[in-house]
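Below you'll find the structure, written out as structure tokens, and then a few comments.
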Protein chains: 2
Amino acid sequence: MSYSVVMASHTAGETRARIVAAADRLVYERGFEHTSFADVAAAVGLSRGNFYYHFRTKDEILDAVIEARLAGTRAMLAEWERQEPTPAGRVRRFARIVIANGPDIRLYGCPLGTLTAELAKLRHPARPQALALFECFRTWLREQFDAIGVGDNADACAMHVLVFSQGAATLSNAYGDDAMVECEVASLESWLAGVVHESSVRP
Amino acid sequence: MSYSVVMASHTAGETRARIVAAADRLVYERGFEHTSFADVAAAVGLSRGNFYYHFRTKDEILDAVIEARLAGTRAMLAEWERQEPTPAGRVRRFARIVIANGPDIRLYGCPLGTLTAELAKLRHPARPQALALFECFRTWLREQFDAIGVGDNADACAMHVLVFSQGAATLSNAYGDDAMVECEVASLESWLAGVVHESSVRP
DNA sequence: GTCTATATCGGGATAGAC
DNA sequence: GTCTATCCCGATATAGAC
């Protein structure tokens, strides 16, 4: 019931959002364990003491980061559906992330794959939530392959595309080799063209 | 010039080897940063103080672990060459690691891929040495594709197999799904059969 | 809501006795 | 070569003033 809230330079929600955005980036660049409270606080321009007003534990930040990534992913996929009319075009759009986000991926790998791998080694309780992020892409890809008309193979096709993207990101990160990534994307696109063709010629 | 050395219950070299073996396993299971001196010392049954007699810094242990993995990898590849007479058979053997080492990979991912990804995020000085481990596989695969007779595509084929293996390992680790892994291995094997066939029908 | 100060803990690394 | 004891630092987390 306090009117002064609207006059504050930053509301709690705004500060929280800035913290999550900074933590998201730092967790991506340095990994979850290697990111400290001090790092995040410094990135937002906050003292460590005040930090605990917004997040009590490190795991709480991780939960918030994963939730933010989920929301961001859903928004991105919805945007792609708007921009790409055909299901094959949407799958291609996904396959090309590894090119579009090339600079980041070369330095830090895939945000999803590297987080999942780290949480697995830590046997961290938030693993299921990171997996939900994977599921978000898998389900969306499966829907596209359903629309293409691959029948029972929709999920296998979706997983195949995910395997490609994770492998390409890992090797892009290891070697920093643009040419290889483009070669692999081309290979997946020709596979996709074959899948689309096979589906369209069926009765 | 001391004769007593040969009478010691453990020589320095033996103890060192046991430390490296324990560190190798722990780095794989928990990640490099999450593995402490105390963890390794406890695994070998050594006090932390004595530990520093063998390794002065954590990075020295990492170097030793990577070197041990290099030696192990070379021995494994040589063994495969002995057991598999054809180059295609050798590539298949590589592709099936993700099945043969299924239990470990589901829990901890690919030892090579996860280490490389972690060192990239840490911007660790040992990154080039981890990359040499990747190169070891890449070169060996390229030699097999050269023998198959794919001409200028040998390196691209080698990278394609590496991309597959890294992607399959990442998703095996994320989902713990055996069926998906076998499906992906089958997909790569049919790709490989196509490559072999195309090469053999050329003049 | 933001700050400073502080408690507490774990890990890397060293010194020196045996 | 192995041990115990210790130093030092960074990180999580808390208390309490403003």
Side-chain angles (χ1 to χ4, degrees), chain A residues 1-23 26-27 29-65 118-119 121-126, chain B residues 1-23 26-27 29-65 118-119 121-126:
Chain A
M1 298 301 177
S2 159
Y3 293 127
S4 69
V5 167
V6 290
M7 299 182 65
S9 57
H10 298 297
T11 67
E14 277 169 0
T15 304
R16 190 190 149 96
R18 287 194 308 146
I19 290 174
V20 172
L26 285 169
V27 165
E29 293 182 1
R30 307 183 185 180
F32 173 64
E33 234 196 344
H34 196 60
T35 301
S36 71
F37 277 102
D39 292 333
V40 182
V44 186
L46 237 60
S47 75
R48 276 178 303 167
N50 183 19
F51 199 94
Y52 285 87
Y53 174 80
H54 299 278
F55 291 96
R56 270 189 293 281
T57 70
K58 207 179 172 184
D59 289 354
E60 266 182 44
I61 306 179
L62 180 60
D63 288 345
V65 165
E118 183 181 3
L119 297 185
K121 285 200 200 281
L122 300 180
R123 312 215 65 76
H124 194 284
Chain B
M1 298 303 175
S2 160
Y3 295 127
S4 69
V5 168
V6 290
M7 298 184 64
S9 59
H10 299 297
T11 68
E14 277 169 0
T15 304
R16 193 191 148 94
R18 287 194 307 147
I19 289 174
V20 173
L26 283 169
V27 166
E29 293 181 1
R30 306 183 187 180
F32 173 64
E33 237 197 342
H34 196 59
T35 301
S36 71
F37 277 99
D39 292 334
V40 182
V44 186
L46 238 59
S47 75
R48 274 184 308 168
N50 183 19
F51 198 95
Y52 284 86
Y53 173 81
H54 299 278
F55 290 98
R56 268 189 294 280
T57 70
K58 204 179 172 182
D59 289 355
E60 267 184 44
I61 305 180
L62 180 61
D63 288 345
V65 165
E118 182 180 3
L119 297 185
K121 285 199 199 282
L122 299 180
R123 312 215 64 76
H124 194 282

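Just so we're on the same page: letters track the sequence lines, and every chain starts at 1. Please read these numbers as outputs of a predicted model, since none were measured by experiment.
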**Study point:** Base-contact (B) and sugar-phosphate-only (S) positions in nucleotides 11-18 of chain D, heavy-atom cut-off under 4.0 Å, - elsewhere
**Key:** SBBB----
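The phosphate of D/dT2 has neither OP1 nor OP2 within less than 4.0 Å of any side-chain N or O from B/Tyr53.
Between the side chain of B/Lys58 and the backbone N or O of B/Glu33 there is at least one donor-acceptor pair closer than 3.5 Å. Counting only distance, with no hydrogens or angles, the side chain of A/Glu118 and the backbone of A/Phe32 share a donor-acceptor pair below 3.5 Å.
Protein atom CZ of B/Phe55 is 16 Å distant from nucleotide atom C1' of D/dT2, rounded to whole Å.
The minimum heavy-atom distance between B/Ala64 and B/Arg16, with the atom names listed, is CB-NH2, 3.9 Å.
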Name every donor-acceptor pair, under 3.5 Å, that has one atom in a side chain of residues 39-53 of chain B and the other anywhere in the protein, sequence neighbours excluded.
from    : atom 1 : to      : atom 2 : distance (Å)
B/Asp39 : OD1    : B/Arg30 : NH1    : 3.3
B/Asp39 : OD2    : B/Arg30 : NH1    : 3.0
B/Asp39 : OD2    : B/Ser36 : N      : 3.1
B/Asp39 : OD2    : B/Ser36 : OG     : 3.1
B/Ser47 : OG     : B/Asn50 : N      : 3.3

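Atom CZ of A/Arg123 sits in a crowded spot, with more than 12 heavy atoms from other residues, nucleotides or ligands closer than 6.0 Å.
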